[in-house]
Amino acid sequence: MSSAQTQANLVDLYKEKAAATACQIAEFSSFEEAIPHLLSLMEKKAPCELLYEEDVEKGPKGPNGCPTRVQKVVAAPQLGEYYEPLKKAFEEKGYKVVDSGLRHYLAGIDMGIALAEKGIAQSGSCMVNTNNEDTRLATMICEFSVLVLKKSQIMPTVLSMADVLRSEMSASPANYITFISGPSRTADIERVGAVGVHGPLEMHIVLLEG
Amino acid sequence: MKDSVKTSKDYKEYLEEALNDQFLRKTLDKFAVDYRVSREAVFSEIDGRDLIKKVADAKDNACRHMEELYAKFKEEAEKRGVIVHRAKDAKEANEIIASIAKKHEAKKILKSKSMTAEETHLNHKLIEEGCEVTETDLGEWLIQLRHEGPSHMVMPAIHLSRYQVADDLGKVTGEKYDPEDIQRLVKVARVELRGKFIEGEIGISGANFCIAENGTFGIATNEGNGRMVTTLPKVHIALAGLDKLIPDFETALTALTVLPRNATGQRITANVTFINGAGEYAIGEDNRKELHVVFLDNGRSEIAKDPLFSQVFRCVRCGACANVCPVFRMVGGHKMGHIYIGAIGLILTYFFHGKDKAAILAQNCIGCEACKDICAGGIDLPRLITEIRNKTAKEVGQPMQVAFVGKIMQNRKLFHRLLKFARFSQKPFKTQEGFVRHLPDALFGKHQFKSLPTLADKAFREIYAEHAYTLENPKMRVALFAGCAQDFIFPEHLVAFMKLMKAHNVQVDFPEEQTCCGLPVQMLALKEVAADIARQNVKAIDASKYDYIVTLCASCASHLSHNYKNFIGDECREFSSKVKDFSSFMNDVVKLDMSLFNKSAEKVTVHIPCHQARSLGVMEQPRNLIGQVAEYTPSKEEASCCGFGGTYSAKFPEVSKELLGNKIRRIEESQAERIVTDCPGCTMQIRGGLHKKGSKVRVTHIAELLADNLKK
Ligand code: SF4
Ligand code: SF4
């Protein structure tokens with residue numbers, strides 16, 4: 001099998017296993033093309049519930065009895081060249097876009113976008129470098145989590161990540177790496193599966209060519 | 001386990017309570033079945049046995065180098081600004097953590113799930129010091145609200161119903177919740193705990209592995225609370241047992257491939273976090289977190305030196321040994337371990353929480369080996385439980401009665417004379433079908449749920465001469481190992497065997513000096529007696545004269561072939577290697593000569609004994625044999641425990657009864673006319689249960705089914 005073929009198989013396997021962890025996957029040839037998709041996700045979602053007091057304009061109560069945001073917020077720290085076009089498109093629609101200072105939004109944000117450095121086909125996971133506290137928070141306190149993953153970065157198995165992880169965990173004096181596989185979930189009440197106990201309610205993967 | 005449970009009598013009352021908890025029973029029954037299905041699905045994608053072996057080897061190796069790994073981890077972590085502590089026991093660990101809290105004048109403590117913190121009773125200490133401790137894992141939070149301990153290592157609140165949860169959450173918020181809306185109930189935690197996360201001053205987590213090569217520790221969680229706890233407060237303290245130290249990322253990732261699959265049938269948990277170094281903390285003065293790792297010894301460095309018990313450190317706390325345990329299924333986790341639960345709980349309780357508690361708990365194992373078969377670390381759990389029993393028997397003492405049994409069993413002639421006397425004395429109670437009729441309650445009390453068989457009028461050893469034969473040109477020679485139950489209760493199993501062997505031109509001898517296999521005395525923790533008996537049998541049967549030593553009791557087969565070496569070492573090598581259970585001997589070695597048999601239309605299902613399925617790995621052979629002479633009719637959970645478990649059913653009749661009930665239900669559902677098995681104990685148990693219900697289903701040994709279908 002050629003290496004291109006092998007990679008294509010890995011992508012298929014990744015998609016299958018990520019879907020099994022309740023991720024929703026969409027494929028695009030570039031990030032620019034993914035922006036309308038993200039905008040429509042944002043548009044359709046109910047406004048974020050504020051789970052803690054925040055000095056901001058509040059809308060009617062949400063399904064869990066908390067007030068909601070009037071202006072939806074998206075956080076996209078460390079997005080590099082993707083940030084500017086994203087910011088422009090989201091601000092045009094009236095959304096607030098931030099890339100730092102997320103400790104001011106701990107009550108909850110609508111969407112958090114982060115780059116995944118690697119994918120793992122065997123388990124449907126994304127590896128995210130969350131050394132940066134804002135990146136970490138963006139994937140934790142959002143209602144919808146979006147991870148952007150390049151197809152070429154998909155590795156076959158959990159075990160095949162050893163060298164990557166070793167070098168990631170030695171890159172800085174202090175390191176914090178997360179494997180994320182689907183939204184936050186629990187089965188602690190009568191073993192009934194439920195998502196969104198603490199972290200994201202939904203997980204969306206943007207799978208890019210290249 | 002409750003602290004007030006100190007004697008076996010208290011413990012039995014406590015068990016009764018669990019058995020009467022209908023909700024618990026239903027939940028655990030369903031879980032036992034669902035778990036198997038989801039685990040199988042994700043294990044089919046990997047080479048499970050191979051990975052488990054790798055985990056076991058890597059952890060054994062780590063255990064041998066615990067001190068070096070500790071030194072390396074400490075060095076690497078300190079380089080990265082982490083403060084590493086080592087606590088010799090639970091008290092010291094709690095004090096270290098309390099003093100960090102004091103230093104920061106912190107009152108609001110967040111916790112993500114940590115079995116190690118449960119082990120040290122950390123919450124008690126912190127609350128004593130005036131802190132407010134919030135468990136942030138949903139299950140842990142729910143039991144914290146009720147002031148209860150976990151009932152499972154992975155699903156700590158599995159014993160709670162949605163109604164209890166809805167009530168408890170209502171008390172927290174003052175609102176009323178619909179118990180049927182579980183999705184909404186979960187969100188109550190989302191809302192209530194977010195504020196706690198934001199206000200928390202110190203976060204305490206456990207660690208699934210501590211990777212020495214660069215001072216990294218890893219935490220696997222599903223709910224995402226682990227990342228919140230390690231991120232939001234300025235101070236993070238990770239508490240880990242010394243056994244969590246491993247050399248490198250390869251070992252961590254191998255364990256990570258197995259752990260979630262074995263725990264919950266997931267390929268991986270929703271979050272796995274790897275942390276090293278005191279990282280960024282955006283709102284701190286110095287912009288840095290304060291990170292502590294506290295390593296707990298609490299006897300671990302001693303256990304690490306024990307050639308047998310050091311294997312407990314292969315445990316990755318997946319909880320699977322509870323998931324498959326028939327006793328757990330019946331009584332739940334609160335009755336099966338103190339903090340650590342399931343088979344591993346029976347063992348760790350001894351080391352971490354005291355001999356008295358362990359002495360009672362270690363009795364509550366039926367010896368079915370299901371836990372050994374499923375363990376992510378390949379730990380020989382039943383063997384260790386037996387050893388704990390031996391230890392507590394020595395240290396805490398055994399009832400007189402047990403010592404007395406030991407004395408008798410050591411002397412074959414005395415034992416057999418006693419059995420013959422028992423046969424005589426039970427005569428007045430015997431019914432026509434061979435069951436003991438109304439024994440006075442005082443004698444048997446709780447055993448009334450099944451009819452007990454009586455001893456046969458004549459033991460096999462008394463009628464052997466009538467069935468013995470000598471062949472001119474046999475295709476092989478085997479020694480028959482009878483086992484007490486078949487010798488004295490079911491000689492007809494052995495007679496059927498003799499017929500089959502003669503028809504297939506196999507020479508059978510029955511060396512008469514043989515005695516009980518010794519498994520019952522092993523279960524009673526009489527180690528020396530068990531060794532003595534093993535020697536008697538190895539001497540009685542000269543293995544060099546036979547191609548095989550065959551037994552019609554799967555438990556004897558497993559004990560003779562796997563356990564003898566634990567008692568008498570190399571002396572039994574040839575003997576043990578020649579032992580075969582009936583089904584695999586008949587199916588794989590002799591092979592049915594179909595010209596000798598008729599195929600009947602009888603619908604026959606099978607019960608595969610625990611020791612046959614797990615210890616010997618024999619599953620297909622009995623089914624195959626049935627299919628050749630009758631209509632094989634599958635039933636659900638064919639290899640699940642019937643509740644006999646040798647001396648277990650005498651010690652815990654309450655639990656045994658429930659296991660049997662489950663088995664009977666499966667048999668009835670299958671609509672079979674006959675059920676066969678390869679063990680006299682199971683025959684006794686199942687036949688007794690069906691008889692008591694007035695069922696018409698026949699229960700026989702597989703050998704009898706085959707012999708019944710021999711052409712006349
Ligand atoms: S051997 Fe069977 S009864 Fe004993 S702990 Fe293991 S699973 Fe439970
Ligand atoms: S003893 Fe084995 S099965 Fe039980 S929790 Fe530990 S690793 Fe899992």
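Note that the coordinates shown come from a computational prediction; the quantities given were computed from them, not determined experimentally. Here is the naming used below: chain letters follow the sequence lines, and residue numbers restart at 1 for every chain.
With a 4.5 angstrom heavy-atom cutoff, Leu193(B) touches chain A only via side-chain atoms. Contact of Asn276(B) with chain A is made through backbone and side chain together, with heavy-atom distances under 4.5 Å. With a threshold of 4.5 angstrom between heavy atoms, Leu291(B) does not approach chain A through any atom at all. In this structure, the portion of Glu213(B) lying under 4.5 Å from any heavy atom of chain A is its side chain and not its backbone. Proximity to chain A (any heavy atom under 4.5 Å) is restricted, for Val165(B), to the side chain, taken from C-beta onward. Contacts of Ala278(B) with chain A are made by backbone atoms alone, with heavy-atom separations under 4.5 Å and no side-chain atom involved. Using a 4.5 Å cut-off between heavy atoms, Glu76(B) does not touch chain A at all. For Val195(A), the part lying under 4.5 angstrom from a heavy atom of chain B is the backbone only. For Phe31(B), the parts lying under 4.5 angstrom from a heavy atom of chain A are both the backbone and the side chain. Neither the backbone nor the side chain of Glu192(B) comes within contact range of chain A; no heavy atoms are under 4.5 Å apart. For Thr269(B), the part lying under 4.5 angstrom from a heavy atom of chain A is the backbone only.
Using a 4.0 Å cut-off between charged side-chain N and carboxylate O, Glu190(A) and Lys26(B) make no salt bridge. With salt bridges taken as basic N to acidic carboxylate O contacts below 4.0 Å, none links Arg166(A) and Asp248(B).
Closest non-hydrogen pair, Ile198(B) versus Ala107(A), comes out as CD1-N, 4.4 Å. Counting all heavy atoms, side chain and backbone alike, Glu133(A) lies closest to Tyr281(B) at OE2-CA, 3.2 Å. When all heavy atoms are compared, the tightest approach of Glu280(B) to Asn132(A) is OE1-CA, 3.9 Å. Of all the heavy atoms in Gln183(B) and Gly193(A), the pair that sits closest is NE2-O, 3.0 Å. Contact between Thr186(A) and Glu223(B) at its shortest, heavy atoms only, is OG1-OE2, 2.8 Å.
When the side chain to side chain contact (heavy atoms under 4.5 Å, CB included) test is applied to Gln153(A), the partners found at least two apart in sequence or on another chain are Lys118(A), Leu149(A), Lys150(A).
In this structure, the side chain of Asn131(A) does not engage the main chain of Gly279(B) through any donor-acceptor pair within 3.5 Å. A donor-acceptor distance shorter than 3.5 angstrom exists from the side chain of Arg103(A) to the backbone of Leu232(B), with no hydrogens or angles considered. For the pair Arg194(B) (side chain) and His198(A) (backbone), a donor-acceptor distance under 3.5 Å is present. No donor-acceptor pair closer than 3.5 Å links the side chain of Arg191(A) to the backbone N or O of Thr27(B).
In summary, of the residues considered (Arg190(B), Arg184(B), Lys187(B)), a side chain to side chain donor-acceptor pair (under 3.5 Å) with Asn64(A) occurs for Arg184(B) alone.
Side chains of Thr139(A) and Arg227(B): a donor on one and an acceptor on the other come within 3.5 Å.
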Working for ring-ring contact (aromatic ring centres under 6.0 Å, His included), residues Phe179(A) and Phe274(B): CA-CA 8 Å; Phe179(A) 290 177; Phe274(B) 297 90; 5.2 Å; yes

